[in-house]
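Bear in mind that the values here come from a model prediction, so they are computed numbers and not experimental data. Excluded from the calculations below are hydrogen atoms, water molecules and symmetry mates; all remaining heavy atoms, backbone and side chain alike, are included.
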Amino acid sequence: MIEGYNEFILSYAPDYDFGMFTEYGNDEVRKMLEETAYVIFTDPSLVRIKFIDYVKKTIKKLYNSNSKDLAEIQDTEVEEEIALYLNAALEAAGYKFQLTRWNIQ
């Protein structure tokens with residue numbers, strides 16, 4: 001599964017814009033999403049409800065680490081970009097469920 005993870009990560013351009021206001025914000029969201037995608041590709045027991053909780057906690061942890069510079073992580077556009085990215089990872093890893101931005105708020 002690591003090979004699929006590496007292919008997936010490389011499929012997103014390094015300068016992909018997640019809707020954050022700053023390059024720092026985009027980099028932090030990218031790191032968070034790459035770590036979350038790693039879980040998708042390596043945890044064979046992944047189920048939708050537990051994954052939703054994991055994503056919510058991960059976003060909250062990132063926000064709490066620097067709320068001043070990452071406040072827009074709770075904006076509609078950013079939430080949608082996060083859901084789209086994770087759904088692409090889920091599909092690439094062969095999962096049959098998806099997320100919406102409403103799930104991860």
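Residue Tyr95 is grouped with residue Ile82 when hydrophobic side chains (ILVMFWY) are merged at heavy-atom distances under 4.5 angstrom, including chains of intermediate members.
Residues Gly25 and Thr22 come closest through the heavy atom pair N-OG1, 2.9 Å. Here the closest heavy-atom approach between residue Phe8 and residue Ala88 is recorded as CE1-C, 3.6 Å. Contact record, Gly19 with Asn26: N-OD1, 3.7 Å, taken as the closest heavy-atom pair. The heavy-atom pair separating Ala37 from Tyr85 by the smallest distance is CB-CE2, 4.3 Å. Looking at every heavy atom in both residues, Leu90 comes nearest to Leu99 through CD1-CG, 4.3 Å. In plain terms, the two heavy atoms of Tyr38 and Ile2 that are nearest each other are CE1-CD1, 3.5 Å.
Atom CZ of Arg30 is separated from atom CD1 of Ile9 by 10.0 Å, given to the nearest 0.5 angstrom. To the nearest 0.5 Å, the span separating CG on Leu70 from OH on Tyr24 amounts to 5.0 Å. Interatomic distance, Gln98 CD to Leu86 CG, rounded to the nearest 0.5 Å: 11.0 Å. Residue Trp102 holds its CH2 atom at 9.5 Å from CD of Glu80, rounded to the nearest 0.5 Å. We find the OG-CG distance between Ser11 and Asn6 to be 11.0 Å, quoted to the nearest 0.5 Å.
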Side chain to side chain contact (heavy atoms under 4.5 Å, CB included) between Met20 and Val78: does it pass, once the steps are laid out? CA-CA 7 Å; Met20 299 294 282; Val78 178; 3.8 Å; yes
Distance-only donor-acceptor pairs under 3.5 Å for side chains of residues 49-60, two or more places apart:
from	atom 1	to	atom 2	distance (Å)
Thr58	OG1	Tyr54	O	2.7

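Between Leu33 and Phe18 there is a side-chain heavy-atom pair separated by less than 4.5 Å. With a 4.5 Å cut-off on side-chain heavy atoms, Thr42 and Tyr5 do not count as touching. Contact annotation: the side chain of Ile73 never approaches that of Glu28 to less than 4.5 Å [non-hydrogen atoms, C-beta and beyond].
For Asn64 (side chain) and Lys61 (main-chain N/O), no donor-acceptor pair under 3.5 Å exists by modelled atom type. When atom types are taken as modelled, the side chain of Glu72 and the backbone of Phe21 share a donor-acceptor pair closer than 3.5 angstrom. Although no hydrogens or angles enter the test, the distance criterion places no donor-acceptor pair under 3.5 Å between the side chain of Asp43 and the main chain of Val39.
Remark: Lys31 does not engage Glu34 in a salt bridge, criterion side-chain N to carboxylate O under 4.0 Å.
Environment of CD in Glu23: sparse, with no more than 12 heavy atoms of neighbouring residues, nucleotides or ligands closer than 6.0 Å.
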